[in-house]
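This report refers to the structure that appears directly beneath it.
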Amino acid sequence: MINLTFPDGAVRQVQPGLSGAKLAASISKSLEKKAVALMKDGVLVDLADPITQDAKVRIITRDDAEALELIRHDAAHVLAEAVQELYPGTQVTIGPVIENGFYYDFFRNEPFTPEDFPAIEKKMREIIGRDKPFSKRIVSREAAKEFFKSRGELFKVELVDAIPEGQEIKFYDQGGWIDLCRGPHMTSTGKIGSAFKLMKVAGAYWRGDAKNQMLTRIYGTAWANDKDLQAYLTALEEAEKRDHRRLGREMDLFHFQEEGPGVVFWHAKGWTLFQALIAYMRRRLRADYQEVNAPQVLDKVLWETSGHWGWYRENMFKVQTAGDETEDQRVFALKPMNCPGHIQIFKHGLKSYRDLPIRLAEFGAVHRYEPSGALHGLMRVRGFTQDDAHVFCTEEQMAEECLKINELILSVYADFGFTEFVVKLATRPEKRVGTDAMWDHAEDVLTRVLDRISRESGGRIKTGVNPGEGTFYGPKFEYTLRDAIGREWQCGTTQVDFNLPDRFGAYYIDADGQKKMPVMVHRAICGSMERFLGILIENFAGHFPLWLAPVQAVVTTIVSDADGYAEKVARELRRAGLRVETDLRNEKINYKVREHSVAKVPVILVAGKREMEEGTLNVRRLGSQAQQSLKLEEVVRLLSEEATPPDVQREKAA
RNA sequence: GCCGCCUUAGCUCAGUCGGUAGAGCGGCGCAUUCGUAAUGCGUAGGUCAGGUGUUCGAGUCACCUAGGCGGCACCA
């Protein structure tokens with residue numbers, strides 16, 4: 001006999017080999033019907049699997065949260081069956097569960113289009129309606145390969161070969177249609193229900209490798225019920241409304257055009273935002289950093305020395321004279337990074353150990369030839385501004401510098417309202433420079449720093465490791481923040497580098513009078529200012545806190561008699577440092593309120609006859625219909641206080 | 001870069017079977033002076049992304065190029 005422990009702590013003795021299905025049946029008739037899988041020691045397994053030893057068990061019904069991934073996984077199988085039924089000759093490959101849904105990759109000479117969806121969905125519903133049971137059987141490697149080979153499923157043959165020796169090969173049969181799968185599945189296709197929808201088609205490389213064939217991927221979403229499906233579709237629409245490309249146009253922040261793929265035309269309002277962000281960062285750097293500026297165009301030898309010319313040449317802009325007659329054939333590069341420039345500044349003149357650490361910061365405009373398919377609004381561009389810095393320090397100072405940077409990064413994020421972060425250590429990649437000993441050392445230092453960050457945050461900051469994701473010259477920390485709608489963005493990085501100082505021959509004079517190589521720490525907080533602004537636009541859905549809003553308030557009139565008063569109000573607010581516009585157009589107040597609300601101006605100050613006579617303003621805040629009548633002086637005081645950036649407020653309070 | 005889709009007025013989008021381009025918003029003009037999310041009337045605005053081809057005739061069909069969108073790959 002074996003002991004099964006139930007979620008309520010109850011223990012039951014049963015015969016070994018009892019299946020989850022039988023177990024459910026022994027509890028109640030209704031549970032037998034509702035059960036779709038078994039949770040055994042924290043792992044989902046098929047209901048038909050025998051339980052052979054003591055375990056903690058829980059019967060999973062379709063309504064349990066754990067069943068959702070099964071619904072999606074089963075839906076992927078049904079999608080594959082539907083496609084093969086409708087389009088014979090299509091080869092199936094893989095079909096995993098992903099966040100919010102599933103996909104299946106197919107190989108077919110003619111790719112699918114969304115126009116095929118109605119037919120496929122209809123067929124899926126038909127298969128689900130048949131409600132055939134999922135049944136599993138273990139097969140031998142040879143039998144599995146033979147089976148797929150005979151059906152012309154060459155991708156599946158490759159998949160069988162990829163299964164590690166000693167691992168079982170399982171076939172799942174769903175009413176005659178069979179797929180290779182590690183499972184688990186629910187009891188029958190009918191359990192999938194009807195709350196699913198095919199979403200999009202996309203190309204995807206076989207096994208994620210660009211050297212392989214392109215497959216057609218069909219994405220779908222699936223939920224336990226229609227209400228959840230509908231909620232998901234609504235959330236997608238909401239996310240679309242805060243798309244920074246859309247808000248950028250609606251709020252007149254920036255634009256892109258054909259002649260400049262991947263480079264931003266910043267309009268006045270967008271540039272105001274940009275400048276507000278840079279001004280904030282400058283204040284945060286004032287105490288510890290020296291701001292510098294290195295050239296845009298430098299001879300390619302510098303990039304050869306750094307290694308960029310070797311590793312990233314395809315992604316660099318080459319710059320040469322455009323003249324046809326010129327003899328000067330010298331090749332320059334538009335800088336893709338700031339580090340070589342900063343090293344030149346460090347190397348200029350002798351540095352003493354007493355000078356260290358030297359922290360050079362730059363809002364450096366860099367250009368990278370990103371693949372055309374990678375471009376995406378402000379999030380991925382070919383010309384952008386990094387809030388970059390390089391700290392030149394001694395070995396002993398390195399860990400302390402990393403911690404100091406960590407504090408700065410986290411406090412910057414907090415000032416923008418981001419409170420959830422993950423810090424990951426990215427370790428040595430295959431493509432790299434420097435000796436293994438150097439890498440061992442650098443990774444060792446960062447691992448210890450990461451432990452300390454985690455420990456000192458009291459577990460508030462999550463940490464992790466990204467193996468092989470480091471840069472070619474050193475390991476790094478990747479700072480990821482979570483936005484208002486739960487999306488994660490990797491922004492900041494801290495990189496420890498023993499390689500570039502060596503390659504460029506940078507040194508300082510140590511206490512013993514000897515030349516010594518400094519360690520270099522690269523760091524960025526926002527990463528790309530353009531991208532960070534894109535993230536901010538989406539995070540706030542364009543509804544910026546007052547200190548960032550490009551137009552902080554609009555003063556508008558109800559009657560033209562109040563025009564003079566409105567001008568005076570605007571002057572006073574501007575004198576207090578606020579970004580204010582007036583709207584004296586001969587339009588109804590409804591019209592003007594609507595227009596400025598749509599433009600997401602945080603504060604509308606209405607001046608009518610009454611306000612003019614009383615020296616007041618009627619204040620209306622974005623997102624609220626409430627009105628508040630306040631004295632002009634009061635408005636100036638309240639708004640300038642609210643528009644004070646968080647760091648300045650902190651300084652004042654201190 | 002790869003796969004698929006898209007590109008019509010400043011913006012959002014119609015445009016039938018291949019027969020000579022349309023709406024709303026916005027702009028401009030006039031009237032309206034009005035109390036918190038769209039006042040009325042009038043008016044201008046187009047190389048249908050660019051090119052080549054098929055055709056008596058192309059916004060519409062085919063091919064090429066560019067840009068965009070969704071994924072994939074990439075992201076120093």
Side-chain angles (χ1 to χ4, degrees), chain A residues 103 105 110-116 199-219 243 245-246 249-250 252 255-262 303 306-316 335-340 366 368-377 379-382 386 429 431-433 469-474 476 490 493 495 497 500 522 524 527-528 531 556-563 585-599 604-611 618-620 622-627 629:
Chain A
Y103 67 76
D105 284 350
E110 192 187 338
F112 296 102
T113 76
E115 277 153 44
D116 300 321
M199 302 297 284
K200 52 195 172 197
V201 286
Y205 297 109
W206 167 236
R207 303 187 132 191
D209 189 331
K211 289 192 281 287
N212 290 341
Q213 281 124 300
M214 180 66 66
L215 307 173
T216 319
R217 174 171 300 178
I218 297 181
Y219 283 92
D243 187 312
R245 292 166 297 185
R246 174 177 172 155
R249 187 176 58 239
E250 289 174 359
D252 193 19
H255 86 266
F256 291 90
Q257 68 186 47
E258 269 193 44
E259 293 80 355
W303 308 105
S306 70
H308 289 97
W309 198 257
W311 294 127
Y312 288 102
R313 214 180 141 174
E314 303 306 313
N315 300 294
M316 287 171 68
K335 73 172 175 183
M337 289 205 82
N338 303 299
C339 20
V366 295
R368 299 176 182 180
Y369 185 85
E370 301 288 0
S372 60
L375 302 179
H376 181 92
M379 302 305 190
R380 191 83 180 268
V381 286
R382 286 183 177 161
Q386 285 181 312
K431 246 166 67 165
R432 61 175 184 263
V433 294
E469 296 290 313
T471 71
F472 73 84
Y473 48 73
K476 63 176 175 180
Q490 199 242 294
T493 70
Q495 307 168 3
D497 178 5
L500 291 186
H522 308 237
S528 149
R531 179 163 171 274
T556 188
T557 49
I558 296 173
V559 291
S560 50
D561 287 346
D563 287 2
R585 290 174 303 169
N586 177 16
E587 292 289 352
K588 291 176 81 164
I589 191 64
N590 286 296
Y591 180 88
K592 296 200 272 194
V593 164
R594 175 173 196 276
E595 197 159 277
H596 298 122
S597 298
V598 168
I604 300 176
L605 301 170
V606 178
K609 207 166 173 184
R610 197 155 65 228
E611 285 74 16
N618 198 277
V619 184
R620 180 185 166 125
L622 179 59
S624 159
Q625 296 183 46
Q627 300 167 36
S629 181

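No hydrogens, no waters, no symmetry mates; every other heavy atom, side chains included, goes into these values. So you know, we letter chains A, B, ... as the sequences are listed, proteins then strands, and number each from 1.
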Inset, instruction - Would you mind reading off the distance between A:Arg313 atom CZ and B:rC75 atom C1', rounded to a whole angstrom? - result: 20 Å

Inset, instruction - Kindly say whether, by distance alone, the side chain of A:Gln257 makes a donor-acceptor pair under 3.5 Å with the base of B:rG68? - result: no

Legend entry - Nearest-angstrom distance, P atom, B:rU47 to B:rA9: 9 Å

Legend entry - Side-chain N or O of A:Asn590 closer than 4.0 Å to phosphate OP1/OP2 of B:rU36: no

Inset, instruction - Between B:rA23 and B:rG4, how far apart are the P atoms? Round to whole Å, please. - result: 37 Å

Legend entry - Rounded distance in Å - CZ (A:Phe256) to P (B:rC11): 15 Å

Inset, instruction - Please work out if A:Glu115 contacts a base, only the sugar-phosphate, or nothing of the nucleic acid, heavy-atom cut-off 4.0 Å. - result: nothing

Inset, instruction - Calculate the interatomic distance between A:Ile604 atom CD1 and B:rA37 atom C1'; express it in whole Å. - result: 9 Å

Legend entry - A:Val366 and A:Asn338, any side-chain heavy atoms less than 4.5 Å apart: yes

Inset, instruction - Answer yes or no: does a side-chain N or O of A:Arg245 lie under 4.0 Å from OP1 or OP2 of B:rG70? - result: yes

Inset, instruction - Indicate whether OP1 or OP2 belonging to B:rG70 is found under 4.0 Å from a side-chain N or O atom of A:Lys200. - result: no

Inset, instruction - Could you check A:Thr557, A:Asn618, A:Val619 and say which one makes a side-chain contact (heavy atoms from CB on, under 4.5 Å) with A:Val606? - result: A:Asn618

Inset, instruction - Considering just the side-chain nitrogens and oxygens of A:His376, establish if one lies under 4.0 Å of OP1 or OP2 belonging to B:rG70. - result: yes

Legend entry - Close side-chain approach of A:Trp206 and A:Met214, heavy atoms under 4.5 Å: no

Inset, instruction - Kindly indicate whether the side chain of A:Arg620 and the base of B:rA37 share any N or O donor-acceptor pair separated by less than 3.5 Å? - result: yes

Inset, instruction - Indicate whether any N or O donor in one side chain lies under 3.5 Å from an N or O acceptor in the other, for A:Tyr219 and A:Arg217. - result: yes

Inset, instruction - Indicate, with a heavy-atom threshold strictly under 4.0 Å, whether A:Lys609 touches base, sugar-phosphate, or nothing. - result: base

Legend entry - Minimum-distance nucleotide (side-chain atoms of A:Arg380 versus B:rG35, B:rC74, B:rG1): B:rC74

Inset, instruction - Could you measure between the two C1' atoms, the one in B:rG15 and the one in B:rC48, and give it in whole Å? - result: 11 Å

Inset, instruction - Please determine if a side-chain N or O atom of A:Thr216 lies less than 4.0 Å away from the OP1 or OP2 oxygen of B:rC3. - result: no

Legend entry - Among B:rU36, B:rA76, B:rC72, the nucleotide that comes nearest once only the side chain of A:Gln627 is considered: B:rU36

Legend entry - Face-to-face contact A:Tyr591 to B:rA38 six-ring, under 5.5 Å, under 30°: no

Legend entry - Nearest-neighbour nucleotide for the A:Arg594 side chain, B:rG35, B:rG71, B:rA37 considered: B:rA37

Inset, instruction - Confirm from the modelled atom types if A:Tyr205 and B:rG1 form a donor-acceptor pair under 3.5 Å, side chain to base only. - result: yes

Inset, instruction - With C1' as the reference atom in both, quote the distance from B:rC56 to B:rC64 in angstrom, rounded to an integer. - result: 26 Å

Inset, instruction - In whole angstrom, give me the gap between the P atoms of B:rU16 and B:rG26. - result: 28 Å

Inset, instruction - Measure the distance from CG on A:Leu215 to P on B:rC2 and round it to the nearest whole Å. - result: 17 Å

Legend entry - Whole-Å distance separating the CG atom of A:Asn212 from the P atom of B:rC74: 12 Å

Inset, instruction - Answer whether the closest heavy-atom distance between the side chains of A:Glu595 and A:Arg585 falls below 4.5 Å. - result: yes

Inset, instruction - From the options B:rU36, B:rA76, B:rC72, select the nucleotide whose nearest atom is closest to the side chain of A:Arg217. - result: B:rC72

Inset, instruction - May I have the distance from A:Arg249 (atom CZ) to B:rC25 (atom P), rounded to whole angstrom? - result: 19 Å

Inset, instruction - For A:Glu250, report the nucleic acid contact type (base, sugar-phosphate, nothing); a contact means any heavy atom under 4.0 Å. - result: nothing

Legend entry - Note: A:Arg245-A:Asp243 ion pair, threshold 4.0 Å (strictly below): yes

